[in-house]
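Written below as structure tokens is the structure these notes are about.
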Amino acid sequence: MKKIFAFDVDGTLTMPRQRITPEFEKFFADFVNSNTVYLVTGSDYPKISEQLPTGIITFCEGVFTCSGAELWKGNDRIYQKSHTFPKRLVEASEHFIDTSPYPLRCGTHIEPRPGMLNISVVGRDATLAQRKAYHAWEQVAQERLTFVSSLLKEFPEYEASTGGEISIDIVPKGWTNAVVRTEIEKQYPGCSITFYGDKMGPNGNDKPLADELARFPQHSAISVETFLDTWKSLLSLQEVLAA
Ligand code: M1P
């Protein structure tokens, strides 16, 4: 049975929104060269290109961006889904951003991406320090979860997840990364997929694909806390295969 590996990026291969570390890059580049690997991320292609070297991206079998709304092979986009979000949903997001008690706004608070909307109170232009400060505050305040549950009540035809540290991803219902299973199986019928992600819990953006894979005994999902866990797990897998 052909073995396929799929990896989330932020929190699984890199620290959130940071570049892969040189030590792990060396290990992971070798792994990508000797295995069939896909990347699966809520981010868009330009952001992934900032975090991973071209060598890794082009050696991957495919890169699913925007929660599976796009598939890339190297620099070629294989498909792209698009969706126009209702004005009322955008206004509700603006209201959430404007009325949040968090005191800082850094810019780019609503980022439309293919098939999804990414919204953030502190904003995508936050520096690393500003991102960390908002994340620490929000872990206590939990304003994203509160907004997500009221948004889903008002717009039941949408799904939303608090995938990363500072933002919320909103997609039309069913447009989640769960689609990755069927897309990979189209390429590799009868394969087994092992997926690594750091956000498989409630509302996490790795959960739809993890749940989808759990329906099939040949597939598995491995939950990690940081790229160090991913590294450890891949090392022990290599030891098992070599034995
Ligand atoms: O890949 C995980 C998430 O990474 C970013 O989240 P945040 O900026 O909140 O840390 C975003 O690109 C988000 O869309 C994505 O799901």
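As the structure lists them, so they are numbered: ligands from 1, and atoms in each ligand from 1. Below, all heavy atoms of this structure are taken into account, side chains as well, without hydrogens, waters or symmetry copies.
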Min N/O separation Arg17 to ligand 1 under 3.5 Å: no

Phe5 and Phe31 aromatic ring geometry - parallel, tilted or perpendicular at 30°/60° bounds: perpendicular

Structural part of Lys47 in contact with ligand 1, heavy atom criterion under 4.0 angstrom: neither

Top protein contact for atom 2 (C) of ligand 1, by heavy-atom distance: Asn205 ND2, 3.3 Å

Neighbour count >12 (heavy atoms, 6.0 Å) for atom NZ, Lys3: yes

Sidechain N-carboxylate O distance under 4.0 Å for Lys186, Glu183: yes

Nearest neighbour in protein (non-hydrogen) for atom 15 (C) of ligand 1: Asp169 OD2, 3.5 Å

Charged N-O contact under 4.0 Å between Lys81 and Glu70: no

Per-atom contacts, ligand 1 versus Arg131 - under 4.0 Å to a heavy atom: 7 (P), 8 (O), 10 (O)

Close N or O approach (Ile166, ligand 1; < 3.5 Å): yes

Ion pair Glu159/Lys173, N-O distance below 4.0 Å: no

Test side chain to side chain donor-acceptor pair (under 3.5 Å) applied to Glu143 and Tyr134, step by step: CA-CA 11 Å; Glu143 66 171 2; Tyr134 175 80; 2.5 Å; yes

Under 3.5 Å: N/O of Asn118 near N/O of ligand 1: yes

Residues Arg113, Glu111: salt bridge by 4.0 Å N-O rule: yes

Close approach, Val9 and ligand 1, non-hydrogen under 4.0 angstrom: no

Mutual orientation of the aromatic rings belonging to Trp231 and Phe27 [parallel < 30°, tilted 30-60°, perpendicular > 60°]: tilted

Protein contact to atom 12 (O) of ligand 1 [nearest heavy atom, distance to 0.1 Å]: Ser43 OG, 2.9 Å

Residue among Arg19, Arg17, Gln18 satisfying side-chain hydrogen bond (donor to acceptor under 3.5 Å, both in side chains) with Gln51: Arg17

Close-contact set for ligand 1 against Thr41 heavy atoms, below 4.0 Å: 1 (O)

Contact check, Arg124 vs ligand 1, heavy-atom distance below 4.0 Å: yes

Closest approach of any protein heavy atom to atom 1 (O) of ligand 1, naming residue and atom: Asp10 OD2, 3.2 Å

Protein residue, atom and distance nearest to atom 9 (O) of ligand 1, heavy-atom basis: Ser167 OG, 2.6 Å

